[in-house]
Participant: 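Submitted below is the structure of interest, expressed as C-alpha cells.
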Amino acid sequence: MCPPRYFAVDYVINPWMDPTQPVDRELALAQWTRLRDAYSSFGHTVDEIEPQPGLPDMVFAANSGTVIDSHVLGSRFRAPERAAEAEHFRRWFVEHGYRDVTMPTKINEAEGDFAWTGRFLLAGTGFRTDPEAHAEAQEALGVPVVSLRLTDPRYYHLDTALFVLAEATDSAPAQVAYYPGAFSPGSRRVLSRLFPDAVLADEADASCLGLNGVSDGRNVVLPVEATALAARLAEKGYEPVLVDISELRKAGGGPKCCTLEIRK
Ligand code: ARG
C-alpha cells in the first residue's frame, strides 16, 4: 500500500475525477490508515511503499503489479500522468527480494484489470489494459487468462466491476461478485458460464464502487455505502467490513485500488 501523502485530483483520466471539487488530503490519509489497520487486524502483513511528490494517484497501488507465486508482472500505464509510478514499484519488488520481475511491453494496469481466482486470471480490457497485455500476462505469470470486455466508462477497470470473494480450492470453485452492467454481452455470458453461483451486484452496489472490494475469503472490505451487497455477503457467511473511502473515490478509487495483493 502507498499512503496518500501527495493525493490530489489534478487531472481527469476517468469519469469520477473532477479537479474543481476540493479534496481533503488529511481525510484521505485518515481513511487510508483505517483501511490499512483493518488488514493488520485480520492478521495480514501490510508493506508500505514511499509515496512520491507529483504522483497523486500512487495511492492506487493495485495498478502497479500482479503477483502470483512470487512471479511479478509490473505495469505500464495508459495515462502519461501515472507512467512514472511503474518504476517505483518495480524497484520496490527488486529491493524486496523478488527475483522474477517482468515489465510489460503493452499497456497493463495490473490488478486494476487482473483478478486472480486461484486457478486462472480474469483480465479486463476496454478502457485501460490493452488486450495484448492479457497474452503477455499469461506468458509472464504462467497462468491461464480469461479476457473480459468492460463497456461502461464509470467502470473503467475490472476491479471496479468484479472481485473475487474466495479463491478456488481443491474442493470448491472460486466465488466472485460482479456487476453485469459493466460488461459486454459476450463477457457476461463468459462470466455466467464460469461462475453460475456468483453474487450479482446491482447499480446501487456498483455506483459507490462497492465492487472494489477486498476479500481474504472471510473478511470482505467494502465501501460503507455498499450496504445491500454487504447484507448479501453476510448471508453467505462472509464478514463484511465497511470502510469510508469517500475522499479516495473522488479519484475513482476504493479499497481494492489501494491494495496490491501479494500472494506467497
Ligand atoms: N485515478 C486513478 C486512475 O484513473 C484511479 C485508479 C483506481 N485504481 C483501480 N485499481 N481501479 O487511474
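As the structure lists them, so they are numbered: ligands from 1, and atoms in each ligand from 1. Scope of the values below: all heavy atoms of this structure, side chains included, with no hydrogens, waters or symmetry mates.
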Participant: Considering only the protein, which heavy-atom contact is closest to atom 9 (C) of ligand 1, and what is its distance?
Facilitator: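 Its nearest protein heavy-atom neighbour is C257 SG, 2.7 Å.
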Participant: Which of the atoms of ligand 1 are close to H157, meaning less than 4.0 Å from one of its heavy atoms?
Facilitator: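 Reading through ligand 1 atom by atom, the close ones are 8 (N), 9 (C), 10 (N), 11 (N).
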Participant: Answer yes or no: is there an ion pair linking R25 with E247, defined by an N-O contact shorter than 4.0 Å?
Facilitator: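 Looking at E247 together with R25, the answer is no, because their closest N to O distance does not fall below 4.0 Å.
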Participant: How far is atom 2 (C) of ligand 1 from its nearest protein heavy atom, and which residue and atom name does that atom have?
Facilitator: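 Sorting protein heavy atoms by distance from atom 2 (C) of ligand 1 puts D57 OD2, 3.4 Å first.
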Participant: Answer whether the closest heavy-atom distance between the side chains of H88 and Q52 falls below 4.5 Å.
Facilitator: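 Yes; the side chains approach each other to less than 4.5 Å.
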Participant: Say whether N14, considering both its backbone and side-chain N or O atoms, lies within less than 3.5 Å of an N or O atom on ligand 1.
Facilitator: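 Yes: some nitrogen or oxygen of N14 is under 3.5 Å from one in ligand 1.
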Participant: Does any N or O of ligand 1 fall below 3.5 Å from an N or O anywhere on R82, backbone included?
Facilitator: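 Indeed, backbone or side chain, R82 has an N or O that close.
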Participant: With heavy atoms under 4.0 Å as the rule, classify the contact between M17 and ligand 1 as side chain, backbone, both or neither.
Facilitator: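 Contact part for M17 vs ligand 1: side chain (C-beta onward).
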Participant: Would you mind listing which atoms of ligand 1 come within a distance below 4.0 Å of any non-hydrogen atom of I13?
Facilitator: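 So the atoms of ligand 1 that pass are 3 (C), 4 (O), 12 (O).
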Participant: Surrounding CZ of R189 (heavy atoms of other residues, nucleotides or ligands, distance under 6.0 Å), is the total greater than 12?
Facilitator: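 Open.
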Participant: With a cut-off of 4.0 Å, which atoms of ligand 1 are near a heavy atom of G112?
Facilitator: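 Once the distances to G112 are compared, the set is 10 (N).
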Participant: Just need the protein heavy atom nearest to atom 10 (N) of ligand 1, so name the residue and atom and give the distance.
Facilitator: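 Checked against all protein heavy atoms, atom 10 (N) of ligand 1 sits closest to D159 OD2, 2.6 Å.
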Participant: Select one of side chain, backbone, both or neither to describe which atoms of Y156 lie under 4.0 Å from any atom of ligand 1, heavy atoms only.
Facilitator: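 Side chain only; the backbone of Y156 stays clear of ligand 1.
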Participant: Any idea how H134 and F114 line up, ring-wise: parallel (<30°), tilted (30 to 60°), or perpendicular (>60°)?
Facilitator: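 The rings of H134 and F114 stand perpendicular, inter-plane angle above 60°.
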Participant: Side chain or backbone of R128 under 4.0 Å from ligand 1, or both, or neither, by non-hydrogen atoms?
Facilitator: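 Within the 4.0 Å criterion, R128 contacts ligand 1 through side-chain atoms alone.
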Participant: Roughly how far, to the nearest 0.5 Å, is CD of E87 from OG of S75?
Facilitator: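 Reported to 0.5 Å precision, the distance equals 10.0 Å.
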Participant: Quick check for you: to the nearest 0.5 Å, what is the distance between D57 atom CG and E81 atom CD?
Facilitator: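 Rounded to the nearest 0.5 Å, the CG-CD separation comes to 9.0 Å.
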Participant: Transitively linked via ILVMFWY side-chain contacts under 4.5 Å: M1 with V243?
Facilitator: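 Result: yes, single cluster for both.
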Participant: Does any N or O atom in G252 lie less than 3.5 angstrom from one in ligand 1, N or O only?
Facilitator: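 G252 vs ligand 1: no N/O contact under 3.5 Å.
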Participant: Given side chains that start at C-beta, do those of I49 and L260 come closer than 4.5 Å, heavy atoms only?
Facilitator: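 No - every pair of side-chain heavy atoms lies 4.5 Å or more apart.
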